[in-house]
Amino acid sequence: MKLLIIEDEKHNANRLSAMIKELNPDISIVGVLESVADSIEWFSSNQQTDLILMDVRLADGLCFEIFSACNITTPVIFTTAYDEYAIRAFKVNSIDYLLKPIHKEELGSALAKYDQLTKLIGKQQSDPMISNLIDIIKKQDPVYRSRFLIQINDGYKTIVVNDIDYIYSEFKITNLVLENGQEHAVPYTMDEMEEQLDPAIFFRANRQHIISINSIKDIHNFFNGKLKVILNKYPDAEIFISREKAAAFKQWLDH
């Protein structure tokens with residue numbers, strides 16, 4: 001079996017590698033990647049592996065950005081210190097979701113689950129088998145938020161997601177900025193917003209900003225490999241894409 005590890009903390013990656021070798025010396029670890037950008041680049045130039053061990057939070061964003069940019073046809077065992085992404089994980093290629101710190105017994109059970117699923121197919125490792133395996137483990141298409149209920153004075157107002165130009169965080173308050181110029185605070189963190197919104201439409205530009213594909217006017221190269229995004233209706237908004245996320249952003253735009 002060929003296995004890929006995507007983990008941004010070196011000591012965790014080394015620990016996973018050691019446990020895998022103890023559990024099954026026949027498993028070949030084909031690579032260890034540390035970021036969303038590295039992963040997107042790897043998948044664009046390498047064949048799919050048999051299995052992936054993938055951390056949810058990477059150095060430059062959530063791993064789900066990889067699935068938005070690439071067609072991943074490989075089963076995934078997610079590894080993370082956070083349990084709030086479990087539902088989203090099982091809506092992609094997940095066969096298990098392990099919370100850190102990961103114990104050898106738990107990892108062994110996850111690998112055994114993969115073996116059991118492959119045996120259900122009744123074939124050896126091959127592209128048709130992997131395709132059938134994904135059909136078994138992959139859940140229905142994710143259902144993302146389509147609107148927000150906002151409290152206004154003594155009443156409420158519905159905000160349609162399609163009306164959002166971008167989202168920003170300031171003083172730990174998350175704000176929706178609408179096409180009509182209105183702003184509304186919502187009781188969610190930026191991580192929660194990223195989780196709830198369709199990644200085909202919204203991109204986490206940085207810690208403070210999430211932008212809609214429909215709001216982008218221009219993109220300019222900036223200092224030190226960064227990109228500067230100019231919005232249609234809010235040209236004065238300072239929104240930058242880091243050098244580490246630039247590749248993922250370009251893939252997202254070209255998806």
With Tyr234 via side chain to side chain donor-acceptor pair (under 3.5 Å) - residues at least two apart: none

Donor + acceptor pair across side chains of Thr74, Gln48 (<3.5 Å): yes

Heavy atoms of other groups near Gln47 CD, more than 12 under 6.0 Å: no

Short side-chain to backbone donor-acceptor contact, Lys113 and Ile95, under 3.5 Å: yes

Glu9 side chain to His11 backbone, donor-acceptor under 3.5 Å: no

Glu179 vs Lys233 side-chain heavy atoms within contact, under 4.5 Å: yes

Heavy-atom neighbours of Lys217 NZ exceed 12 at 6.0 Å: no

Those residues that, when tested against Lys104, pass side chain to side chain donor-acceptor pair (under 3.5 Å) (two or more places apart): Glu22

Cation over ring face, Arg204 and Phe202, 6.0 Å, 45°: no

Test: Arg57 and Asp191 ion pair at under 4.0 Å: yes

Residue pair Tyr168 / Ile173, side-chain heavy-atom distance below 4.5 Å: no

Test side chain to side chain donor-acceptor pair (under 3.5 Å) applied to His103 - qualifying residues, sequence neighbours left out: none

Pairwise side-chain contact, Leu98 with Ile77, heavy-atom cut-off 4.5 Å (strictly under): yes

Min side-chain heavy-atom separation Ser212-Ile201 under 4.5 Å: yes

pair Ile52-Leu3: side-chain heavy atoms closer than 4.5 Å: no

Side-chain H-bond candidate by donor/acceptor type, Asn206 with His209, under 3.5 Å: yes

pair Met1-Leu51: side-chain heavy atoms closer than 4.5 Å: yes

Stacked cation flag Lys245 on Phe203, 6.0 angstrom / 45 deg: yes

Lys21 (side chain) donor-acceptor with Ile27 (main chain) under 3.5 angstrom: yes

Sub-4.5 Å side-chain heavy-atom contact between Leu99 and Phe78: no

Expected output: side-chain Glu41 to main-chain Asp38 donor-acceptor under 3.5 Å: no

Point-to-point distance, once rounded to the nearest 0.5 Å, from CE of Met190 to CD of Glu195: 14.0 Å

Donor-acceptor contact below 3.5 Å, side chain Arg15 vs main chain Ile102: yes

Close side-chain approach of Ile239 to Leu231, heavy-atom, < 4.5 Å: yes

Asp165 side-chain N/O to Val177 backbone N/O, donor-acceptor pair under 3.5 Å: no

Whether Trp42 side chain and Ala37 backbone form a donor-acceptor pair below 3.5 Å: no

Asp50/Lys2 salt bridge by N-O under 4.0 Å criterion: no

Derivation of the salt bridge (charged side-chain N to carboxylate O under 4.0 Å, His left out) call for Asp55 and Lys100: CA-CA 10 Å; Asp55 190 10; Lys100 297 177 180 179; 3.1 Å; yes

